[in-house]
Amino acid sequence: MHAIIDCNSFYCSCERLFRPDLREKPVVVLSNNDGCIISRTDEAKELGVGMGAPYYQNRDIIRQHDVAVFSSNYHLYGDMSSRVIDTLRFLVGEGEERLEVYSVDEAFVDLRHVPASELQDFSVHIRETVEEWTGIRVSVGVASTKVLSKVANRLAKKDKQRTGCVLVLDTEDKVRDALQRTEVGDVWGIGGRYAHRLRNEYGINTAWQLRHVPLEWARKNLGGVVGLRLIRELNGEPCIPMKEPLENKKMIATTRMFGKPVFDLAPLREAVATFTTRAAEKLRRQYSAAQAIDVFVVTNGTQGGAYAYDPRSDHRYARLPQPTSLTQELLSIAVPLVEQLYRPGMKYLKAGVILSGLVPDGSLQGNLFVPEAENRQRLLMDAVDNINFSMRDDAVKFLASGLTRNWKMRQELRSKRFTTRWEEMYEVG
DNA sequence: TCTGGGGTCCTAGGACCC
DNA sequence: TCTGGGGTCCTAGGACCC
């Protein structure tokens, strides 16, 4: 059996930890740039605040009902996430790979070592311990496959009163009931496009109906072997294995919406240089080097009047002469790319840098076959990373990144980094 | 009068996830 | 005036090779 453990309204729960006065109140957390609502408590949901909905469209409800609003505080969420994961790791035992961290607020657990008769109790134990040790409330879904455990988890969370946030699908009857109560678009792996087609072209509305489509049909219409696996998993046949931990990323991106639109080349270039620098740091953190770089910009289309939101994107791609993790080398490629992309008169909303073709960094421990100067460059990078890490972000930076940064994103409602910065620690008194 | 087959590597694009 | 950011996997199709 597999379990998926998923934190309830994770970002909002993190904020509530330091604001006990908000325990029963509606809370929402906004995306970067204070753009969209990316986490909401049940109370906010009941008021009709949509998930992923633009903040400005919900301002009236939020004001009327005194909803607490926070900008996202990734220092806090990242730290709370590690605490939850550490707790889970303790609970399921060390050794074999029983834990797969799936996202910042979710983990799969392999429960094959737990006797069937103890699954319910063990799941409740997990839920209670995580809450006791971290203050974060989680939901637990258990079933024979990952896809079914996601179904279980969703229902556990949906009906907290009845399930106590734990649902174990250990009989065929329970599985059928769960699938019949799950809409096809709520199945893990069925996104908006597939859901629309399934409903409108094939009359498939529930997970239960989806379970019974022919495998060959799934292969043809649901993305090849991906669709095949999905249907098999719905039928209780495990096809999606637990993933190895500590895999390196295969692509690294740094992209941002601008706090206000950018029209000139200079700030656009600064932004791309800053994103390249940040991406290069992430690259070095996992000891990789990149072989290719893609720079993209998003403009607002000129059609449709001044207020239309009509984003268009354009990008330039370049391969590097050899894999590198050096900021200077990446900048020397990225900056010309954005200069090629720039068109005077356009309104730029966003830009980004994507590093790909990642390989282990060959320049790491002094490479005999490269010129001495290159090894020293790597040492310089390490020194810069250390200074920026231990002092503050961007204590040392490349001039190309600019000094003014008036394109920086808005984050007006961010809480303190209570658990990761001494000067922002929570005070009792 | 006639024109193979099989393989690899790469990239773009489409779907999905949280 | 205002709509996030960072990932994964798979497939099709072209280039190239023997």
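So that the names make sense, note that chain A is the first sequence line, chain B the second, and so on, each numbered from 1.
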Participant: Give a yes or no answer on whether the side chain of A:S325 reaches the backbone of A:L283 with a donor-acceptor pair at less than 3.5 Å.
Facilitator: no
Participant: When you measure from every atom of DNA chain C, which of residues 221-228 of chain A have a heavy atom less than 4.0 Å away?
Facilitator: A:G224, A:V225, A:V226
Participant: Determine whether more than 12 heavy atoms belonging to other residues, nucleotides or ligands lie under 6.0 Å from atom NZ of A:K45.
Facilitator: no
Participant: Assign A:K249 to base, sugar-phosphate, or nothing according to its heavy-atom contacts below 4.0 angstrom with the strands shown.
Facilitator: sugar-phosphate
Participant: So where does chain A start and stop touching DNA chain B, 5' to 3', when the test is distance under 4.0 Å to a non-hydrogen atom?
Facilitator: B:dT11 to B:dC18
Participant: Looking at every heavy atom in both A:I240 and A:V147, which two are closest together, and how far apart are they?
Facilitator: CD1-CG2, 4.1 Å
Participant: Need to verify one output field. Residue with the more 5' nearest nucleotide on DNA chain C, A:Y55 or A:R229?
Facilitator: A:Y55
Participant: With a 3.5 Å limit on both atom pairs, tell me what B:dT8 is paired to, counting Watson-Crick and G-U wobble, or say none.
Facilitator: C:dA15
Participant: Which part of the nucleic acid, if any, lies within reach of A:V187 when heavy atoms closer than 4.0 Å are counted: base, sugar-phosphate only, or nothing?
Facilitator: sugar-phosphate
Participant: Minimum heavy-atom separation for A:L341 and A:V295, please, with both atom names.
Facilitator: CD1-O, 3.5 Å
Participant: Any donor-acceptor pair under 3.5 Å linking the side chain of A:R127 with the backbone of A:V166?
Facilitator: no
Participant: Is A:T254 touching bases, backbone alone, or none of the nucleic acid, heavy atoms closer than 4.0 Å?
Facilitator: sugar-phosphate
Participant: A:Q209 side chain to A:I204 main-chain N or O, any donor-acceptor pair under 3.5 Å?
Facilitator: no
Participant: Which part of the nucleic acid does A:L30 contact within heavy-atom distance under 4.0 Å: base, sugar-phosphate only, or nothing?
Facilitator: nothing
Participant: Between A:R343 and A:Q340 (side chain of the first, backbone of the second, donor and acceptor by atom type, cut-off under 3.5 Å), is there such a pair?
Facilitator: yes
Participant: Please report whether the ring centroid of A:F70 lies less than 6.0 Å from that of A:Y11.
Facilitator: no
Participant: Hey, is the main chain of A:N205 close enough, under 3.5 Å, to the side chain of A:R199 for a donor-acceptor pair?
Facilitator: no
Participant: Base, sugar-phosphate or nothing for A:R219? Non-hydrogen atoms, less than 4.0 Å.
Facilitator: nothing
Participant: Counting the atoms with a prime plus P, OP1 and OP2 as sugar-phosphate, which does A:D105 contact under 4.0 Å by heavy atoms, base, sugar-phosphate, or nothing?
Facilitator: sugar-phosphate
Participant: Could you say whether A:R59 or A:A253 is positioned toward the 5' end of DNA chain C, judged by the nucleotide with the nearest heavy atom to each?
Facilitator: A:R59
